[in-house]
Protein chains: 2
Amino acid sequence: MARTTGSDGEKTEAAVREAAVSLIARLGYEAMSMRQLAAEVGVQAAALYRYFPTKEDLLFTLMRGHMEGLLRAWEAARPASADPVTRLAAYVENHIAFHIERRHATHVSNMELRSLSHERLTQILRMRTAYEKELRTVLRDGAEAGAFEIDDTGLTAMALIQMMTGVIVWFRPGERLSIAEVTASYLSMTMRLVGATISHGTARPSGRAGDAVAL
Amino acid sequence: MARTTGSDGEKTEAAVREAAVSLIARLGYEAMSMRQLAAEVGVQAAALYRYFPTKEDLLFTLMRGHMEGLLRAWEAARPASADPVTRLAAYVENHIAFHIERRHATHVSNMELRSLSHERLTQILRMRTAYEKELRTVLRDGAEAGAFEIDDTGLTAMALIQMMTGVIVWFRPGERLSIAEVTASYLSMTMRLVGATISHGTARPSGRAGDAVAL
DNA sequence: GCACTAATAAAACGAACGTTCAATTAATTC
DNA sequence: GAATTAATTGAACGTTCGTTTTATTAGTGC
């Protein structure tokens, strides 16, 4: 009863991460035991400690990966265009697509922050702030260019992010609405919320094809 | 080593509830131990069981009280007027005021649902749905009356509620913005989001005095 | 095929958990 | 002021927790 046939470190680690995201999203970090996680992976609890020195290390690794992915996704989606409407549309589309695709991981990253040590919490919040700052910049540029009408850039950015991220609370793929429909609605609401002047036709973004719909 | 001088059941129960809301909001339900809670109240852990038979009973009691308070607050704030803009403004103002005043309890009610038994979860969700339905009704009536331009009433209601409730995540009383300023901004964003026709001057609501600001 | 390393199991650690129970004292009732 | 009730303590229960240690087997390099 020791090393099992076909065992592979990389596969086990990946399975642990995947199972952990799912379990933490469902039960919460504190409520998930290492034995439960191990059982889900099909391994003994002690085996987990070969990959993650502590339970909190596991949580932090998951969160950091999620935030890095979010920042990378936006870097890849960020349009070259300087047009504020195009840039805002790209932000909204990327945010919604990313969060719907990774509902569980987003849940973990948003709900379990209090289980991190102070130092690691700071690290995650720094990444989150950097991501939010991107939206504030788009909004401020747009307001200065006269494309948006915004009272308070910071407040508006927070309101938009909360609104968009909230999608993961109620949206279930395959139900009444498609991802494209949801994205189109949120895009429309966003543009109205920031008082976008209806230049560029109906603010049809350039971004990825297929998930944008006329407003 | 028994009953202490000046001890009073009602006061102790109230102190337990207050301390529990604060502790659960800060640490999370699973992470808060009954001994920790008892220490905060200045009592031994066993004393808590005189008021709440189990830890989950305590959580449920807090959540139910919070949701009942929210529904009652809306019933009291609901305007007699049939004007959609007035009704929507009242909903937004009540929602933001209530949630800012009870940040901790809202946190608990929104984040700890998974720690409830199935039956009790259903009970809380029923109340939440009833509250959300009030907003959907306002939106639908407004759309039918031509006062709002709304794609999808259900989706818009969820987006608005997420946006408004998100206030408790970043808002801290006494910082840059006052409650009145925040409420005014959210009111303005809400009206633009639903495409409110700018009837009734600038949608100046009738509701409570003092916390509404011209848009 | 032998030495070495990677991956796991099995068992155990002390600590903390929610909860219960019996004893004890303060307040209240008559 | 005795009897009764309300409020709490202190100690203990069995369980579960995250983690560590040791032993054992599967795969890898030569």
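In this text, all values refer to a predicted model and were calculated from it rather than measured experimentally. Values below: all heavy atoms of this structure, side chains included; hydrogens, waters and symmetry mates excluded.
Taking side-chain N and O atoms only, Thr54(A) has no distance below 4.0 Å to OP1 or OP2 of dG18(D). Between Thr12(B) and dA7(D) there is no side-chain N or O to OP1 or OP2 distance below 4.0 Å. An OP1 or OP2 oxygen of dC17(D) is reached within less than 4.0 angstrom by a side-chain nitrogen or oxygen of Ser33(A).
When each of dT19(C), dT8(D), dT20(D) is scored by its nearest atom to the side-chain atoms of Ala46(A), the top-ranked nucleotide is dT20(D). Considering only side-chain atoms of Lys55(A), the nucleotide from dT8(C), dT21(D), dT19(D) that sits closest is dT19(D). Side-chain atoms of Val43(B) lie closest to dT8(D) of the nucleotides dC17(D), dT19(C), dT8(D). The side chain of Arg50(B) lies closest to dA6(D), out of dT9(D), dT19(C), dA6(D). When distances run from any side-chain atom of Ala47(B) to the nucleotides dT9(D), dT19(C), dT8(C), the shortest one goes to dT9(D).
Ion pairing between Asp151(A) and Arg192(B) fails under the 4.0 Å rule for side-chain N and carboxylate O. Looking at Arg176(B) and Glu181(B), no side-chain N of the basic residue comes within less than 4.0 Å of a carboxylate O on the acidic one, giving no salt bridge. With respect to Arg50(A) and Glu13(A), no salt bridge is recorded, no charged nitrogen being found less than 4.0 Å from a carboxylate O.
As judged by a 4.0 angstrom heavy-atom cut-off over every strand, Tyr51(B) is placed among residues touching the sugar-phosphate backbone only.
We find that CD of Gln36(B) is positioned 18 Å from P of dA15(C), with the value rounded to whole Å. Note: CG (Leu48(A)) to P (dC17(D)) measures 13 Å, nearest angstrom. In this structure, Met34(B) atom CE and dA16(C) atom P are separated by 18 Å, rounded to whole Å. When rounded to the nearest whole Å, the span between CZ of Phe52(B) and P of dG18(C) equals 15 Å. Straight-line distance from the CZ atom of Arg35(A) to the P atom of dA9(C): 14 Å, rounded to whole Å. Atom P of nucleotide dT19(D) and atom CG of Leu37(A) are separated by 12 Å, given to the nearest angstrom. Atom-to-atom, CD of Gln44(B) to P of dT25(C) comes out at 16 Å; the value is rounded to the nearest Å. Atoms CG (Leu59(B)) and C1' (dG18(C)) sit 15 Å apart, rounded to a whole Å.
His95(A) and Tyr131(A) share a donor-acceptor pair across their side chains, judged by distance under 3.5 Å alone.
In summary, the aromatic rings of His99(B) and Phe171(B) are positioned with their centroids too far apart to meet the 6.0 Å limit.
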